[in-house]
Structure formats: structure tokens, C-alpha cells
Amino acid sequence: MTEKVLVLIVGAGPSGLAVAACLGEHGIPYHIVEREDCSASLWRKRTYDRLKLHLAKEFCELPRMSHPSDAPKYITREQFVRYVDDYVERFNILPRYSTSVESCEYDEASGRWDVRARDLADGGGRVAEYTTRFLVVATGENCEGVIPDIPGLRDFPAGEVVHSSSYKSWKNYAGKRVLVVGCGNSGMEIAYDLAYNGVETSLVIRSPVHVMTKGLIYLGMMLLKWHLPVKLVDFIILTLANIQFGDLSRFGIVRPDMGPLLLKAKTGRSAVLDVGTTQLIKTGDIKDGGSLLDDNGMPKKKAGLQQGSRPWKGGNGLYCVGLGMAGLAGISRDAVSVAADIKAAVDSMVGPPAFWF
């Protein structure tokens with residue numbers, strides 16, 4: 001049978017949980033489905049051991065609930081997972097786990113979304129069908145690990161090829177030679193973890209990147225809260241970063257033309273927060289694998305979603321949370337906005353509640 005729901009949220013990571021909490025506070029009924037067997041599966045299953053959040057805890061909160069006052073400024077993966085569990089309990093969020101959405105189609109005649117999902121708990125044999133007035137896609141920016149199809153990679157005979165989401169610790173690579181492809185935060189931290197512990201490590205850098213410290217980004221975020229112009233804040237923290245790191249271009253690290261905070265706001269590309277990696281590059285403990293500069297680093301615009309003031313909203317009751325490339329702070333903002341928009345739409349509905357579904 002087809003189950004009728006007012007709001008269907010796809011994904012029980014931070015994005016989906018945030019929307020669920022906000023809808024619950026508005027008294028709006030919803031269902032939330034998740035293909036994994038737990039909430040926040042990325043944080044529980046596909047993060048490396050040394051991971052800490054790169055932004056201060058006040059910038060990494062979900063709506064309506066702060067981190068504990070005794071939590072450190074930069075919380076660990078384990079602390080964030082505990083926070084998520086407490087969030088689920090506090091807002092009585094009950095995801096339907098092991099439910100993988102396979103298709104979503106909008107029915108013009110009924111004005112509703114027809115959603116087909118598969119129950120993975122019984123081996124994938126049972127199919128669940130939903131019809132919903134509002135559909136919130138909250139599967140996250142990092143739900144799939146992608147290894148590019150590099151010529152010759154499939155015939156690589158010397159060792160294993162792994163995505164960063166499968167990396168846990170340097171201990172699995174002791175006595176080996178490792179090439180880390182990509183200098184985002186994961187790549188830089190993994191390279192540091194390997195090289196610091198004696199693993200022979202090289203790093204390939206493709207695109208221009210801003211190297212900052214946690215303290216500088218924190219300063220920038222605070223200055224923005226005081227309503228200083230983004231370009232002025234970028235100038236301040238870039239000046240301090242250049243004093244601290246010097247010219248990194250001779251080591252293959254080239255800064256983008258746009259400042260780090262403006263770049264994040266316009267493209268979603270984050271600055272790299274240095275944990276000691278640049279010093280190991282300077283000393284030669286991490287070898288530069290060569291610069292592969294490429295201008296094609298921009299994410300595609302989200303099909304069907306608005307550009308401008310409401311990028312989280314599409315047509316026909318479709319919403320998207322967690323794909324704005326703005327981190328946990330962006331998730332919180334979008335979740336509040338989506339819940340408020342659905343609340344306004346529900347308040348304007350006519351007829352008995354049964355008709356709404």
C-alpha cells in the first residue's frame with residue numbers, strides 16, 4: 001500500500017535531523033527515511049580517527065540546541081556523534097532506517113510526489129511507496145565517495161587505491177609509500193597523519209587553495225558577525241596568513257584570486273585549515289606531487305532549485321538541505337528556512353487535514 005505523508009525527509013544526517021526538529025517544533029507531521037542503519041552515518045562510519053571539527057563549536061550547531069558548555073572549542077568526531085544522538089532524543093526524531101529511496105516523481109494531477117523506496121533490512125525484497133505533499137532532499141554533499149577514473153589506475157599493481165572516507169589511521173600504511181591526491185582538509189590531514197608518523201608521503205595539488213589556521217577562520221567568522229564587509233575581513237585574515245605561512249607557491253600551493261570567505265560564500269570551496277601539514281611540506285617530509293591546476297572545480301547548480309535568496313527551494317513542494325556547500329552552519333540556516341516555508345504553506349491550505357496528504 002502507498003503511505004500518505006505530509007512531509008517526507010530523505011536522509012537522517014545533520015541536514016535531515018535539523019529539518020525534522022524544526023518541523024516538529026512547528027507541529028508539522030513528517031516522515032524521515034535513511035538508507036543506512038543509523039543517523040549521521042558519515043560521521044560514525046566514514047571518518048578518520050584524528051578528525052576534529054575545523055570550525056569552533058558555536059558555528060557547528062544544529063537548530064534549537066547548542067553543544068554542551070563544557071565541550072572543547074573544536075570538538076572531536078566522537079563528541080559530535082554524541083551531540084547528534086542527544087539531538088535525536090531531545091526532539092523525538094524517529095527515522096525509518098535501512099530505507100533506500102530509488103525514485104521520486106511529481107504527479108501534476110494530484111500535486112504530490114510519488115516516492116518509491118526499498119527496505120534494505122529484509123535483504124531489499126520489500127518495496128515501500130509514499131505519496132507526499134512536500135519532499136525534502138537531505139542526503140548531504142558527501143554521501144558518495146568518488147574516485148576519479150584516472151588512466152592506468154585500474155592496472156595499478158603496486159598497492160591499494162582507497163577513498164579518503166575509508167582511511168582510518170597511519171598504522172595501516174606503516175612501511176609503505178603513499179600518494180595523497182587532493183589538498184582539501186581531508187587530504188591535508190591524512191597527509192599530515194601519515195608523514196608525522198614516518199610514512200613516506202607525497203601530495204598532489206590540483207586547484208588553487210587558501211591555507212589558513214583554525215584561529216584565523218574563527219577570527220574571520222567573528223568579524224563577519226560584527227557585520228564587517230567580507231572583502232575587508234578577507235584582507236585582514238589573508239594578511240595574517242601570509243605573515244604566518246609566507247609564500248607557499250614555490251611548494252605548489254597557490255592561493256585563489258578571491259579571498260577565502262568570499263570564495264566559500266560564492267562557490268562553497270572551503271579554505272584548508274592547517275594542522276601542521278605545510279611545515280612538513282616545507283621540510284620535505286611531505287613531497288609535492290606536482291601542481292595540477294584546473295579551473296573546473298565549480299559545483300553544478302542544483303537542478304530545479306532557485307538561485308539567489310532561496311537556493312534551498314524548488315518548485316512543487318521540493319526542498320533541498322545540506323547541499324549548499326556551507327557546512328553545518330548553512331545546514332542550520334536552511335533547515336530553519338525550509339521548515340518555516342512549509343509551515344507557511346500548510347497554514348494556507350484549505351480543506352480538512354486528510355486532504356492535505
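Count residues from 1 along the sequence.
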* With Gln279 as reference, evaluate Val275, Thr283, Ile281 under the side-chain contact (heavy atoms from CB on, under 4.5 Å) test and give the passing residue. => Thr283

* **Validation row: Tyr87, Leu17 side chains within 4.5 angstrom (heavy atoms)** => yes

* Is it true that Val336 and Val321 fall in one hydrophobic cluster, defined by side-chain heavy atoms closer than 4.5 Å? -> no

* Asked: Quick one: does Leu240's side chain get under 4.5 Å of Leu219's, heavy atoms only?
  -> yes

* Asked: Among all residues two or more places apart in sequence or in another chain, which pass the side-chain hydrogen bond (donor to acceptor under 3.5 Å, both in side chains) test with Asp85?
  -> Arg44

* Would Asp347 and Lys343 pass as an ion pair if we require N to O under 4.0 Å? -> yes

* Return the set of residues passing ring pair (Phe, Tyr, Trp, His ring centres under 6.0 Å) with His67 (not counting sequence neighbours), or none when no residue passes. => Tyr83

* Asked: So, Tyr173 versus Tyr167, ring centres under 6.0 angstrom or not?
  -> yes

* Minimal non-hydrogen separation, Thr277 against Asp274, with atom names -> N-OD1, 3.1 Å

* To do: Check Gly259 against Leu238 and note the closest heavy-atom contact, atom names and distance.
  => CA-CD1, 4.1 Å

* Asked: Does a side-chain heavy-atom distance below 4.5 Å link Met188 with Leu203?
  -> yes

* Asked: Which atom pair, heavy atoms only, marks the closest approach of Ala195 to Leu280?
  -> CB-CD1, 3.9 Å

* Structure fact -> By side chain to side chain contact (heavy atoms under 4.5 Å, CB included), Asn242 pairs with (sequence neighbours left out) Arg255

* Asked: Of Arg118, Lys4, Arg112, Arg116, which meets salt bridge (charged side-chain N to carboxylate O under 4.0 Å, His left out) against Glu129?
  -> Arg116

* Structure fact -> Between Gly276 and Tyr192 the two heavy atoms that sit nearest each other are C-CD1, 3.5 Å

* **Lys214: side chain to side chain contact (heavy atoms under 4.5 Å, CB included) partners, not counting sequence neighbours** => Lys52, His54, Tyr74, Leu273

* Asked: Any idea which heavy atoms bring Ser39 and Val88 closest together, and the distance?
  -> OG-CG2, 4.3 Å

* To do: Could you note down all residue pairs passing side chain to side chain donor-acceptor pair (under 3.5 Å) where residues 217-238 supplies at least one of them, sequence neighbours left out?
  => Glu58-Tyr218

* Return yes if a side-chain donor-acceptor contact under 3.5 Å exists between Lys264 and Ser270, otherwise no. => yes

* Assess whether atom OH of Tyr196 is packed by more than 12 heavy atoms of other residues, nucleotides or ligands within 6.0 Å. => no

* Any side-chain heavy atom of Leu62 sitting closer than 4.5 Å to one from Pro14? -> yes

* To do: Could you tell me whether the side chain of Asp37 reaches within less than 4.5 Å of the side chain of Lys45, counting heavy atoms only?
  => yes

* Asked: Are Tyr130 and Val33 close enough that some pair of their side-chain heavy atoms sits under 4.5 Å apart?
  -> yes

* To do: Flag the pair Tyr30 / Val5 as yes when at least one side-chain heavy-atom distance between them is below 4.5 Å, and no otherwise.
  => no

* Which heavy-atom pair separates Cys60 from Leu328 by the least distance, and what is that distance? -> CB-CD1, 3.6 Å

* Residues that Glu200 engages under side-chain hydrogen bond (donor to acceptor under 3.5 Å, both in side chains), provided they are two or more places apart -> none

* Report the C-alpha separation of Val101 and Thr99 in whole Å, then their side-chain angles, then the decisive distance to 0.1 Å, and conclude whether the side chain to side chain contact (heavy atoms under 4.5 Å, CB included) test is met. => CA-CA 7 Å; Val101 171; Thr99 302; 5.6 Å; no

